[in-house]
Amino acid sequence: MRRRSLLLSVPTGLVTLAACGNDNAGSGKASETASPSPSASATSAAPPPKIVSGPLPAITAGTKFGQKPTVAKGTGEPSKDLALKTVIAGGGRTVAENDYVQAHYLGQIWDSGKVFDNSYDRKAPLIIQLSQGSIIDGWRYALAGKKAGSRLLFSVPPTWGYGPQGNAQAGIKGTDTLVFVVDVQNTFNATSSAKGKAVPQNKADLPKVGTNTDGKAPSITVPKAAAPKNLVSEYVIEGDGPAVKADQTVLVQYKGVLWDGGKEFDSTYQKKTLASFSLQQVVKGWAQGMTGKKVGSRVLIVIPPSLGYGDNPPPNSGIQKDSTMVFTVDILAAM
């Protein structure tokens, strides 16, 4: 089982395509990552920290972007503020509050130098939303305004870390200041789209999907033909990222319509927020349709009832029994 990051501010699982009592179906309607404060504009219970330049321990090895760093133990008293240094300045997109960031990181305790968590050994970057309740506040304030491609070194006092309760699982006491090195690989928001080469859509019996990459919802035109009996998964735009694995968590933009009538029943574009979920927690059609597809791609997925909701669709979803669902999915990232 993939080890969960210790950076979450509270224990929380990824919200999936909500299961509705059908053990075979799993889910069919994606939503945002669960958070104790669902409001996107919610603010931290603690006031924003003052950001200072130090003191900070040195990175003694693994000094290049993407390399696992070794960080010296802190000396003296750590700052009561958020100490932050941009070690490597990137030139990519600027990170903003409520973005989803993709980053490698290492975290250790100031006093002991004990590493309590790192993504480099897992060989999988973290993908998480910079929102209150989704991640410790020190990350929210340290990363906001920085650019993708940057390496950041910062220390987080308990006020903007785990608070006076600490984190027993990680061996963090309520008085511990934490030190992080973060390599910001990418950042995504509600305007993010697939990036790649458009693939010809020549099959007359399949829906046609728009190829716009401006962050707006692509069109889906369903043909006046019988719905396919088997799963369809076709590139609309083919990206150049790694192939998605069946046990990964993905970050996506998507839109879903019914084959019969073409009525839209769910969309991240309409919600103005991305969706993140594990492929092990979704309907079979989603999991099978996305496995093997490249990150950065837009994919047409047509899910027959046997791999979707069957005769047990979610209440008030607008999906009828035995409906064939049509999705366009932009695969932004995978971990």
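As a basis for the values below, the full set of heavy atoms in this structure was taken, side chains included, without hydrogen atoms, waters or symmetry mates. Computed from a predicted model, the values in this text were never measured in an experiment.
Of the charged side-chain nitrogens involved, at least one lies within less than 4.0 Å of a carboxylate oxygen, so that Arg122 and Asp117 count as a salt-bridged pair. Taking a cutoff of 4.0 Å between a charged side-chain nitrogen and a carboxylate oxygen, Lys68 and Asp121 qualify as a salt bridge.
The shortest side-chain heavy-atom distance between Val252 and Leu332 does not fall under the 4.5 Å cut-off. Looking at heavy atoms from C-beta onward, Val302 lies in side-chain contact with Trp259 at the 4.5 angstrom threshold.
A donor-acceptor pair is defined here as one N or O able to donate and one able to accept, closer than 3.5 Å; no such pair exists between the side chain of Gln248 and the backbone of Ser278. Listed for the Ser79 side chain is a donor-acceptor partner under 3.5 Å among the backbone atoms of Asp81. Without hydrogens or angle criteria, Asp183 side chain to Gly66 main chain gives a donor-acceptor distance under 3.5 Å. Put simply, the side chain of Arg298 gets close to the backbone of Asn212: a donor and an acceptor are under 3.5 Å apart. Under a 3.5 Å cut-off, the side chain of Arg140 and the backbone N or O of Ile136 do not form any donor-acceptor pair.
A donor-acceptor pair shorter than 3.5 Å cannot be found between the side chains of Lys255 and Thr328. At a cut-off of 3.5 Å, with distance as the only test, no side-chain donor of Lys195 or Thr213 sits close to an acceptor on the other residue. Looking at Ser131 and Asn98, their side chains never bring a donor and an acceptor atom within 3.5 Å of each other.
Rounded to the nearest 0.5 angstrom, Ser192 OG and Arg93 CZ are separated by 4.5 Å. Atoms CG and NZ, on Asn312 and Lys321 in that order, are 8.0 Å from each other to the nearest 0.5 Å.
Residues passing the ring pair (Phe, Tyr, Trp, His ring centres under 6.0 Å) test with Tyr235, sequence neighbours excluded: none.
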- Show the numbers, then the answer: is there a ring pair (Phe, Tyr, Trp, His ring centres under 6.0 Å) between Tyr254 and Phe277? CA-CA 12 Å; Tyr254 73 92; Phe277 51 82; 7.2 Å; no

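Screening Trp139, Phe180, Tyr120, Phe116 for a ring-ring contact (aromatic ring centres under 6.0 Å, His included) involving Tyr105 leaves a single residue, Trp139. Of the residues listed (Asp330, Thr268, Thr273), the one engaging Gln253 in a side chain to side chain donor-acceptor pair (under 3.5 Å) is Thr268, and it is the only one.
Of all heavy-atom pairs between His104 and Ser119, the closest is ND1-OG, 2.7 Å.
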